[in-house]
Visitor: 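Quick one: the structure is below, and I'll ask about it shortly.
Read the numbers this way: they start at 1 and go in the same order the structure lists the ligands and their atoms. When a residue number appears, it is its place in the shown sequence, counting from 1.
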Amino acid sequence: MKAAVVRAFGKPLVIEDRPDPEPGPGQVRVRVEASGLCHTDIHAAQGDWPVKPNPPFVPGHEGVGVVEKLGDGVTHLSLGQRVAVPWLGKACGRCEHCLSGWETLCEQQINTGYGCDGGYAEKMLAWADYAQPVPDGVSAIEAAPLTCAGVTTYKALKVAGVRPAQLVAISGVGGLGHLAVQYAKIAGATVAAIDVTDEKLELATALGADLVIDARKDDVGEVLKRHGGAHAAIALAVNEAAFAAVNSGLRRGGKLVMVALPAHGTIQVPIFDTVLNGTSVIGSIVGTRQDLAEVFQLHAAGRTKVISETRPLDSVNESIADVLRGDVKARIVFDLLGTGR
Ligand code: NAD
Ligand code: ZN
Ligand code: ZN
């Protein structure tokens, strides 16, 4: 089977032919149909973060495909069933976090495409309990971006406690942001979308944003304040300055939800303003299996649109370069079957 492999940080990925992986107990082998390119995969391939994967590894945590082999003990998935294999590849199921609905914080978790091989391949392994069944009627190409970009932003809006009549700022309308805009609208909020390209700002408007802010020329904090300030700001742009900009546009009691993970990222949080204004800074990491089930359910009900362009896996290095330049439709999805569906 073919896989795109990170052999060394910061070097082009190499397309390799590898033996089909064999599922161990509790695992399944998935024939991957579609696999999304999340910006996290670029951070992984560049070794951007303090906790690093170990090359060689296969990135990708938006892999969707059909189960083609069951490991010992797997009874609840069947051959031919379509599943998604998200970032939360496996958690312990026993710790305080797992037991309290916060499996995404489990310290024993294994992350797909980071701590084990991921979805940039024709075949991959998944732990059956953490592979998410994809509802009938949702194609693999659509399910792929929902598997990380969807669940992550859906969760970030839950964490922010967004309610109708609130103003929500979505900073960065890329893979994550284009879905964040839609979940914020579903929550009933007024949405301000922020980006630095005309295409992304137009896309945000098409997806229902009430107001767009061009961070190349507008003072983001000032524009948000003119509208009363944001109740919540979801930071999705891979840019430290963008975090500080939306933070300055919060209203009193507002929440900054940090989601993007720029390399070595830090921001200065002014103590006086934070205390006097009662604002919060919250980190949010992907979402649980239940969150992903809800994301799929919303999509199956026709309430979200996934904007993507499909490409062959062989284009992985150009595709990464295009994402870094901001020169793609919201998400690139590798089409492993070559059917575009
Ligand atoms: P992306 O490259 O598709 O989108 C980023 C968007 O930000 C682009 O539209 C870009 O034009 C825009 N942007 C760039 N500079 C900006 C600025 N100054 N102001 C406003 N917008 C700006 O990336 P993505 O796949 O959506 O991922 C975004 C980030 O989220 C990455 O750092 C990724 O690692 C991280 N991520 C975090 C989680 C999590 O669980 N916390 C999950 C998935 C991804
Ligand atoms: Zn746990
Ligand atoms: Zn991701």
Visitor: Taking the inter-plane angle between the rings of Y114 and F57 on a 0 to 90° scale, is it parallel (under 30°), tilted (30 to 60°) or perpendicular (over 60°)?
Guide: tilted
Visitor: For atom 6 (C) of ligand 1, grab the closest protein heavy atom and report residue, atom and distance to one decimal in Å.
Guide: G174 N, 3.8 Å
Visitor: Of the backbone atoms (N, CA, C, O) and the side-chain heavy atoms from C-beta on, which set of V220 has a member under 4.0 Å from an atom of ligand 1: side chain, backbone, both, or neither?
Guide: neither
Visitor: Is there a path of hydrophobic side-chain contacts, each under 4.5 Å between heavy atoms of I/L/V/M/F/W/Y residues, joining L224 to V269?
Guide: yes
Visitor: Heavy atoms only: give me the nearest R82-S139 pair and the separation to one decimal.
Guide: NH1-CA, 4.1 Å
Visitor: Are any of the side-chain nitrogens in K329 or E199 under 4.0 Å away from the carboxylate oxygens of its partner?
Guide: no
Visitor: Report, in ascending order of atom number, the atoms of ligand 1 lying under 4.0 Å from any heavy atom of H39.
Guide: 1 (P), 2 (O), 23 (O), 24 (P), 25 (O), 27 (O), 31 (C), 33 (C), 34 (O)
Visitor: Of all the non-hydrogen atoms in the protein, which one sits nearest to atom 26 (O) of ligand 1, and at what distance?
Guide: L176 N, 2.9 Å
Visitor: Give me the residue, atom name and distance of the protein heavy atom closest to atom 3 (O) of ligand 1.
Guide: G175 N, 2.9 Å
Visitor: Evaluate whether atom NE2 of H76 has more than 12 neighbouring non-hydrogen atoms of other residues, nucleotides or ligands under 6.0 angstrom away.
Guide: yes
Visitor: Which one of D20, D17, D117 satisfies the salt bridge (Lys or Arg N to Asp or Glu O under 4.0 Å) criterion with K123?
Guide: D20
Visitor: Check each atom of ligand 1 against the heavy atoms of V238 and keep those under 4.0 Å away; list them by number with element.
Guide: 28 (C), 29 (C), 31 (C), 32 (O)
Visitor: List every atom of ligand 1 that sits less than 4.0 Å from any heavy atom of N239, numbering the atoms from 1 in the order shown and giving each element.
Guide: 18 (N)
Visitor: Taking 4.0 angstrom as the limit, do E318 and R311 come out as a salt bridge?
Guide: no
Visitor: Only to 10 degrees, please: what angle do the SG atom of C92 and the SG atom of C98 make about the Zn ion (ligand 2)?
Guide: 110°
Visitor: Could you identify the N, O or S atom of H61 positioned closest to the Zn ion (ligand 3)?
Guide: NE2
Visitor: Heavy-atom distance to atom 35 (C) of ligand 1: which of S284, C38, A237, A260 wins?
Guide: A260
Visitor: Measure the distances from the heavy atoms of M258 to every atom of ligand 1 and state whether one is below 4.0 angstrom.
Guide: no
Visitor: At the Zn ion (ligand 3), what's the angle from C38 SG to C148 SG, rounded to 10 degrees?
Guide: 130°
Visitor: Do F9 and Q46 have side chains that get closer than 4.5 Å, going by heavy atoms?
Guide: no
Visitor: Where the closest heavy atom to atom 14 (C) of ligand 1 is concerned, which of L88, V257, V246, V196 has it?
Guide: V196
Visitor: Using a 4.0 Å heavy-atom cut-off, say whether V259 meets ligand 1 through its side chain, its backbone, both or neither.
Guide: both
Visitor: For atom 38 (C) of ligand 1, what's the nearest protein heavy-atom neighbour? Residue, atom name and distance, please.
Guide: T152 CG2, 3.7 Å
Visitor: Tell me which protein heavy atom sits closest to atom 12 (C) of ligand 1, plus the residue, atom name and distance to 0.1 Å.
Guide: D195 OD2, 3.3 Å
Visitor: Among all the protein's non-hydrogen atoms, which is closest to atom 40 (O) of ligand 1, and how far away is it?
Guide: V286 N, 2.6 Å
Visitor: Pick one of side chain, backbone, both or neither for how L236 approaches ligand 1, counting any non-hydrogen atom pair under 4.0 Å.
Guide: backbone
Visitor: Please classify the F243 to ligand 1 contact at 4.0 Å (heavy-atom distances, strictly less than): side chain, backbone, both or neither.
Guide: neither
Visitor: Among all protein non-hydrogen atoms, which one is nearest to atom 33 (C) of ligand 1, and what is the separation to 0.1 Å?
Guide: T40 OG1, 3.4 Å
Visitor: May I ask you to check whether T288 and D291 show a side-chain donor-acceptor distance below 3.5 Å?
Guide: yes
